[in-house]
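Have a look at the structure below before the remarks.
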Amino acid sequence: MHFLTDVGGLAWAARQLAGRPVAWHPAPAGPAALAAAARSLRLDAVVLDSYTLDPASGPALRADGRVVLAVVDGDPRGAVADLYVDQNLDAELAAVDLPPGAVRLAGLRYCLLRGDVRRLRPDRAPGTATATAATTGTPRVLGFFGGTDAYAAAPVLTRLLLNTGAPLAATIVGATGPIRAALHELRPAAGQRLRVVAPTDDLARLMAEADLVVGASGTSAWELLCLGRPAALVWVVDNQRLGYDRLVHRGLVAGLGRLADLATEPVAARATATLRSLLTDPLRRAGLADRAWAAVDGDGVRRVAAELLRRVAPERVPG
């Protein structure tokens, strides 16, 4: 296996790649260079996952005999592939035009989750046990807003958490130095503890141990569902809105609204009330946990890999 990628200078992403038994190569500059790299590395299949990749990349690889899998988010945006994976909630309900012979794997059954998340998934719905244990303890809260937190959501949501006045023990991931500095300026009330950490390779364990996770809607939501974690989410950018609305409507997460709107008093007050309810009501958290756990079974990687293998080496697919 080979990664051909640019990690954008993110140290945590570089650590993740360095810690895996795969070769890491610079991102090729353009479709022709990508096809040449695949040829040089003797790749049978290539997975494309990018909002900015040239749409000609898929045709160039397919013309050279490679099987192409494209990870998409709703609209394929011109990507041409043999397999498409859209792991969004209810994605299977949408009608999408595909190239002849192409297959689309859509919906939460095909969530591509990291191994360290899948290994921590509880064997059974965690809600009742979580509620029972939480009635006598201070809720453990994790705040995580993506690898870069480009819109500085962490200080905004942490302030709302502290404004609830409810007891909590919060660990907040600050993606950058300025964000961590802003977090350190916040003052917890009596009965509240606040720990600020830099991006960590131990995030999956922190999620699995949290009684409540506060974050932004996006692909990390599927990890929270798989782990059966009660979550309260905001949406930050437009392409998160549809997934956020569906998650909230299904009762899989609690909704806090749009990040930008939290600057207004009525929206901030509603979000603070939602957080206070979650912090003080273990049964509400338990209901979210059970519905979340039932929505994502963590087996999407196997399903996608089997479908890809059918295209590359059908004789190696069991059954």
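For the numbers below, each heavy atom of this structure counts, side chains included, while hydrogens, waters and symmetry mates do not.
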Problem set entry | Asp299 CG to Cys111 SG distance, which is reported to the nearest 0.5 Å | 11.5 Å

Exercise. Where do Pro126 and Gly228 come nearest, in terms of heavy atoms and distance?
Worked result: CG-O, 3.5 Å

Seminar exercise, completed: In this structure, CZ of Phe3 is separated from NE2 of His25 (nearest 0.5 Å) by 10.5 Å

Exercise. If we only count heavy atoms from C-beta on, is the Pro28 to Leu4 side-chain gap below 4.5 Å?
Worked result: yes

For this session: Could you walk me through whether Leu247 and Ser217 pass side chain to side chain contact (heavy atoms under 4.5 Å, CB included), step by step?
Result: CA-CA 9 Å; Leu247 284 166; Ser217 184; 4.2 Å; yes

Exercise. Taking atom types as modelled, is there a side-chain donor on Asp73 or Tyr51 under 3.5 Å from an acceptor on the other?
Worked result: yes

Exercise. Closest approach of Pro167 and Thr138, non-hydrogen atoms and distance?
Worked result: C-CG2, 3.8 Å

Exercise. Are side-chain heavy atoms of Val253 and Val248 found at a separation under 4.5 Å?
Worked result: yes

Problem set entry | Within one Ile-Leu-Val-Met-Phe-Trp-Tyr cluster: Leu112 and Val117, side-chain cutoff 4.5 Å | no

Exercise. Is Val80 reachable from Leu53 through a run of I, L, V, M, F, W or Y residues, each pair having side-chain heavy atoms under 4.5 Å apart?
Worked result: no

Exercise. Any side-chain heavy atom of Leu212 within less than 4.5 Å of one from Pro139?
Worked result: no

Problem set entry | Close side-chain approach of Leu98 to Val96, heavy-atom, < 4.5 Å | yes

Exercise. Which atom names give the shortest non-hydrogen contact between Leu61 and Ala35, and what distance separates them?
Worked result: CD2-CA, 3.9 Å

For this session: Give a yes or no on whether a salt bridge exists between Asp261 and Arg258, defined as a side-chain N under 4.0 angstrom from a carboxylate O.
Result: yes

Exercise. Taking 4.0 angstrom as the limit, do Asp116 and Arg119 come out as a salt bridge?
Worked result: no

For this session: Would you check if the side chain of Arg66 reaches a backbone N or O of Leu43 as a donor-acceptor pair within less than 3.5 Å?
Result: yes

Problem set entry | Under 3.5 Å donor-acceptor, Arg140 side chain and Glu209 backbone | yes

Problem set entry | Side-chain donor/acceptor of Thr274 to backbone N/O of Arg270, under 3.5 Å | yes

Problem set entry | Interatomic distance, Leu309 atom CG to Arg311 atom CZ [nearest 0.5 angstrom] | 12.0 Å

For this session: May I ask you to test the Leu157-Leu256 pair for a side-chain heavy-atom distance under 4.5 Å?
Result: yes

Seminar exercise, completed: Taking every heavy atom of Pro155 against every heavy atom of Ile179, the minimum-distance pair comes out as CD-CG2, 4.0 Å

Problem set entry | Contact summary for Phe145 and Ala216, nearest pair of heavy atoms | CD2-N, 4.0 Å

Exercise. Do Leu259 and Trp235 belong together in a cluster built from hydrophobic side chains that touch within less than 4.5 Å?
Worked result: no

Exercise. Linking I/L/V/M/F/W/Y whenever their side-chain heavy atoms sit closer than 4.5 Å, directly or via other members, would Val47 and Val67 fall into one cluster?
Worked result: yes

Exercise. Is Arg241 paired with Asp238 through a side-chain N to carboxylate O contact shorter than 4.0 Å?
Worked result: no

For this session: Inspect the surroundings of CZ in Arg114 and state if more than 12 heavy atoms from other residues, nucleotides or ligands are less than 6.0 Å away.
Result: yes

Exercise. To the nearest 0.5 Å, what is the distance between CG (Leu183) and OG1 (Thr158)?
Worked result: 5.0 Å

For this session: Flag yes if Val237 and Leu233 sit in one hydrophobic cluster, no otherwise; membership is Ile, Leu, Val, Met, Phe, Trp, Tyr, and two members link when side-chain heavy atoms are under 4.5 Å apart.
Result: no

Exercise. Taking side chain as C-beta onward, heavy atoms only, is Val71 less than 4.5 Å from Gln87?
Worked result: yes

Problem set entry | Pairwise side-chain contact, Leu142 with Val214, heavy-atom cut-off 4.5 Å (strictly under) | no

Exercise. So, the side chain of Trp293 versus the backbone of Pro122: is there a donor-acceptor pair under 3.5 Å, distance only?
Worked result: yes

Problem set entry | SB check Arg303 Glu307 (cutoff 4.0 Å) | no

Exercise. Around atom NE2 of His249, are there more than 12 heavy atoms of other residues, nucleotides or ligands at under 6.0 Å?
Worked result: no

Exercise. Is there a side chain to side chain contact (heavy atoms under 4.5 Å, CB included) between Leu288 and Arg229 once you walk through the steps?
Worked result: CA-CA 7 Å; Leu288 286 174; Arg229 292 298 84 204; over 6 Å; no

Problem set entry | Donor-acceptor under 3.5 Å (Arg285 side chain, Leu279 main chain) | yes

Exercise. When you check the gap from the basic side-chain N to the acidic O, do Asp281 and Arg276 get nearer than 4.0 Å?
Worked result: no

Exercise. Do Trp222 and Thr219 touch side chain to side chain, with heavy atoms closer than 4.5 Å?
Worked result: yes

For this session: Show the numbers, then the answer: is there a side chain to side chain contact (heavy atoms under 4.5 Å, CB included) between Leu69 and Val304?
Result: CA-CA 10 Å; Leu69 184 154; Val304 172; 3.7 Å; yes

Exercise. Passes side chain to side chain contact (heavy atoms under 4.5 Å, CB included), Thr200 versus Leu206? Steps please.
Worked result: CA-CA 9 Å; Thr200 172; Leu206 291 176; 3.9 Å; yes

Problem set entry | Which atom of Pro199 lies closest to which atom of Arg180, heavy atoms considered | CD-NH1, 3.7 Å

Exercise. With distance as the sole test, does Tyr244 use its side chain to make a donor-acceptor pair with the main-chain N or O of Gly218 at under 3.5 Å?
Worked result: no

Problem set entry | Atom pair CG/CZ of Leu194 and Arg187 - distance to nearest 0.5 Å | 9.5 Å

Seminar exercise, completed: Output for pair (Leu48 CG, Leu34 CG), nearest 0.5 Å, gives 6.5 Å

Exercise. If you measure from the Lys or Arg side-chain nitrogens to the Asp or Glu carboxylate oxygens, is any gap between Arg39 and Asp64 under 4.0 Å?
Worked result: yes

For this session: Say whether, by atom type as modelled, one donor and one acceptor occur between the side chain of Arg121 and the main chain of Cys226 under 3.5 angstrom.
Result: yes

Exercise. Are any side-chain N or O atoms of Arg159 and backbone N or O atoms of Ala154, one a donor and one an acceptor, separated by less than 3.5 Å?
Worked result: no

Exercise. Just by distance, do the side chain of Gln192 and the backbone of Ala166 share a donor-acceptor pair under 3.5 Å?
Worked result: yes

Exercise. Where the side chain of Ser277 meets the backbone of Ala273, is there a donor-acceptor pair that is under 3.5 Å apart?
Worked result: no

